[in-house]
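What follows is one structure encoded as structure tokens, with my remarks underneath.
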Amino acid sequence: MTAGWASLVGQTQSVATLQRAVSDARLDPPGTAMTHAWLIIGPPGAGRSTAALLFAAALQCDDQGCGECSSCNEVFHDSHPDVVRFNPQQLQITVDEARGLIGRASLSPDRGHWTVMIVEDADRLNEVSGNMLLKAIEEPTSHTVWLLCAPSTEDVLPTIRSRCRVLQLRTPPWRDVARLLEADGVDPSMAAFASRAAQGHVGRARALALDEDARLRRQEVLRIPMRLTSLPACFAAASDIVATANEDAASFTDPLDSNEHDELLRAYGEGATGQGITKTRIERLAKGAVRELEAHQKSRRTRAVRDRLDRVLIDLITFYRDVLVLQVGSDVDLVNEELRPSLDRVAAESTPESTRRRLDAISRTRRLLQSNASPQLLVEALTVELARG
Ligand SMILES: [Zn+2]
């Protein structure tokens, strides 16, 4: 895989900003290009986590982020003692989690000059956990750097936003993503297809390039627009979309769930013998902890389902984007050339205005999926809207 700054594709300006910060961080006292709190924003798949990890690695590396030394590799593999990467598994970051982060941030670095705290999905901070973190960000120790990641500045509490330097990532151009895949050994035509189909989502592009199942699932999704011929058909299509997302998410979360459950019961003494410990007694003792674990697992599942639905929506965007290309007679290449007959038909049967309206409806659904709304209802509303013509 491509290492170092080159893996942050299409973000020349942001890379320059971070590199300046890294070299100012070495001065004593640090220069003004370095600061203690950063808010890294950008659309899903643009590389927020990658940017945070590269910055963290460069702050720890003797060579300002070579991407190859053992220190850099430790950061990339989440095993560097002075880099903490918090990836919230639930829809909100809890007070306990925030407290844990603040405690960790106060510890002096083990090796270098910086303790780097990466908080992915900082938009999941609520009023209470956000305000707790705010205090730590406002009065950082001289060795702590906070890197908060979120989709946009509006998603973050205004008090936190105002204390951070904002690093804005953009949607990377597909050609840059394709070059990255090629550098990782993907065949050029596959790299071009996957990058355009992923609409600037780097992780999605990589999955499409490397995983045939992902490509097959995408083909299924692209048949959906042609199925939306009646109201019952819209509901059926919505049910299929949600059911597939649920199954797919379960295949990821089920093994995690049962491992965690077993581990918890073991921690409460299951398997211990000869001390009058019965299974019923263990279950009674562990009851509260099990309930807490199950709540945590439920929100992780919810999140996994939403992530999968988001990919479906990206695929649908490429379909209607192609329809629009045909309708306005633009000479850019189609993403889904192999579907030309279907695309031609939809293009002939509708207007550019209705296609724009459909694209808006999909984008709106993507946004709403990040809220607490029911995915089933959102997807049903979308398929009905797409069928409206
Ligand atoms: Zn290095």
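As the structure lists them, so they are numbered: ligands from 1, and atoms in each ligand from 1. These numbers come from the heavy atoms of this one structure, side chains and all, not from hydrogens, waters or symmetry mates.
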Counting only heavy atoms not in Asn259 (residues, nucleotides, ligands), do more than 12 fall under 6.0 Å from its CG?
yes
Joint cluster assignment, Val84 & Leu125, ILVMFWY side-chain distance < 4.5 Å:
yes
Could you please tell me which protein N, O or S atoms lie under 2.8 Å from the Zn ion (ligand 1)?
Cys61 SG, Cys66 SG, Cys69 SG, Cys72 SG
Please say yes or no: joined through hydrophobic side-chain contacts below 4.5 Å, possibly via intermediate residues, are Leu134 and Ile118 part of one cluster?
no
Does Val9 belong to the same Ile/Leu/Val/Met/Phe/Trp/Tyr cluster as Leu169, with side-chain heavy atoms less than 4.5 Å apart forming each link?
no
In Arg301, Arg308, Arg306, the residue satisfying salt bridge (Lys or Arg N to Asp or Glu O under 4.0 Å) with Asp248 is Arg308
Only one of Ile93, Val156, Asp155 passes side-chain contact (heavy atoms from CB on, under 4.5 Å) with Arg124; say which it is.
Ile93
